[in-house]
Protein chains: 2
Amino acid sequence: MNEHVHETADLTKNQTLVMGALTRSKGPLSAYTILDQLRDNGFRAPLQVYRALDKLVEFGLVHRLESLNAFVACRHPGCDGDDTIAFMICERCGQVNEITDTALAMRLKQLAGEASFALKKTTIELRGICRTCQVA
Amino acid sequence: MNEHVHETADLTKNQTLVMGALTRSKGPLSAYTILDQLRDNGFRAPLQVYRALDKLVEFGLVHRLESLNAFVACRHPGCDGDDTIAFMICERCGQVNEITDTALAMRLKQLAGEASFALKKTTIELRGICRTCQVA
DNA sequence: GTATGTGACGTTATCTCATTACAAGATTGC
DNA sequence: GCAATCTTGTAATGAGATAACGTCACATAC
Ligand SMILES: [Zn+2]
Ligand SMILES: [Zn+2]
Ligand SMILES: [Zn+2]
Ligand SMILES: [Zn+2]
């Protein structure tokens, strides 16, 4: 099996529970919100959530939103190979849209190159109001 | 005077102190680090720092780095009119470089437009190793 | 089989980051 | 003066994240 593809079967019990909570949620969740949701499943301490989240982020199944201190399940199948993901976060409904754009990624890499900056990770988060919330 | 330009004279005592701490620093500072540095100036509580920071960010004199939960003095004179700023953050020395790029900003606006997303604020933070730290 | 290593797990305590709530001064406009 | 507004001071609390410790299950080596 491809070592980079992680399916449900690969996940531990705690990882599966955390992944489930994020998948069920419409928007991003904080670690403590996840903890509260999983109390009935035996979760008692933040570390149980953070440890699972670390792995899920490492697997690429979950993304961390820096501007929200929250986590969201990846809903963008093609993002696996792409390390330059942009998030559009609606400040009204909380929904998050994940997009990858070649031109955007290229330009960022170029800017980093011009500065001789060894790029490791990019964070792009757009805050605003989504289409649905604008008409409402 | 231009209402968008804030000089030292416009700042209150606390705002001036916080601005000074950030200007003196080589890299970004957390709110609590600033608090510690200003204890001798009468600072006693986090809120004194956060209130000043809120205003300084509002004035455009200071930027918040979401991925660090820290603040940095603006060292990019041209960034005032531009709301699409990218930060290059060196993970070794901590120094932050601030850049604005028209092509980057345009592409982001275009992507938002295509999704009918009413863009309010963009966060772009690049993590990596700066030129100086690579050779060292 | 036993030793050893590794990874996940549980628990407590602690640390860092940020805000709420309330009161007291200072400033401005009338 | 007086009200409105802004800034400040202080205490308490909420929210996010990690350190340090020990335990358990399982795989591999001998
Ligand atoms: Zn994704
Ligand atoms: Zn929305
Ligand atoms: Zn700036
Ligand atoms: Zn550096």
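The chains referred to below are lettered A, B, ... by the order of the sequence lines, with proteins before strands, and numbering in each begins at 1. These numbers come from a predicted model, not from an experiment.
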Going 5' to 3' through nucleotides 7-15 of chain D, assign each nucleotide B (protein heavy atom under 4.0 Å from a base atom), S (under 4.0 Å only from sugar-phosphate atoms) or - (no protein heavy atom that close). SBBB-----

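For the side chain to side chain contact (heavy atoms under 4.5 Å, CB included) test, residues two or more places apart in sequence or in another chain that qualify with B:Gln134 are A:Ala118, B:Ile129. Remark: A:Ser25 pairs with no residue by the side chain to side chain donor-acceptor pair (under 3.5 Å) rule, at least two apart or across chains. Taking B:Gln37 as the reference, B:Ala21, B:Leu29, B:Thr33 meet the side chain to side chain contact (heavy atoms under 4.5 Å, CB included) condition, with sequence neighbours excluded. Not counting sequence neighbours, B:Thr122 has no partner by the side chain to side chain donor-acceptor pair (under 3.5 Å) test. Partners of A:Gln110 by side chain to side chain donor-acceptor pair (under 3.5 Å), not counting sequence neighbours, listed by chain and number: A:Arg107.
Contact annotation: A:Arg64 side-chain N/O to D:dG16 OP1/OP2 distance is not under 4.0 Å. Phosphate contact (OP1/OP2 of D:dA17, side-chain N/O of A:Asn69, threshold under 4.0 Å): present.
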Just list the side-chain donor-acceptor pairs under 3.5 Å for residues 40-62 of chain A, sequence neighbours left out, or say none.
unit_1  : atom_1 : unit_2  : atom_2 : d
A:Gln48 : OE1    : A:Arg44 : N      : 2.6
A:Gln48 : OE1    : A:Ala45 : N      : 2.9

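Running 5' to 3' along DNA chain C, contacts with non-hydrogen atoms of chain A at under 4.0 Å begin and end at C:dA8 to C:dT12.
For residues 87-136 of chain A, every residue pair satisfying the ring-ring contact (aromatic ring centres under 6.0 Å, His included) rule, not counting sequence neighbours, is listed here: A:His63-A:Phe87.
Inter-residue side-chain proximity for A:Arg127 and A:Ser67 is flagged as met; some heavy-atom pair is nearer than 4.5 Å.
In this entry the distance linking OH of A:Tyr50 with P of D:dA20 reads 18 Å, nearest Å.
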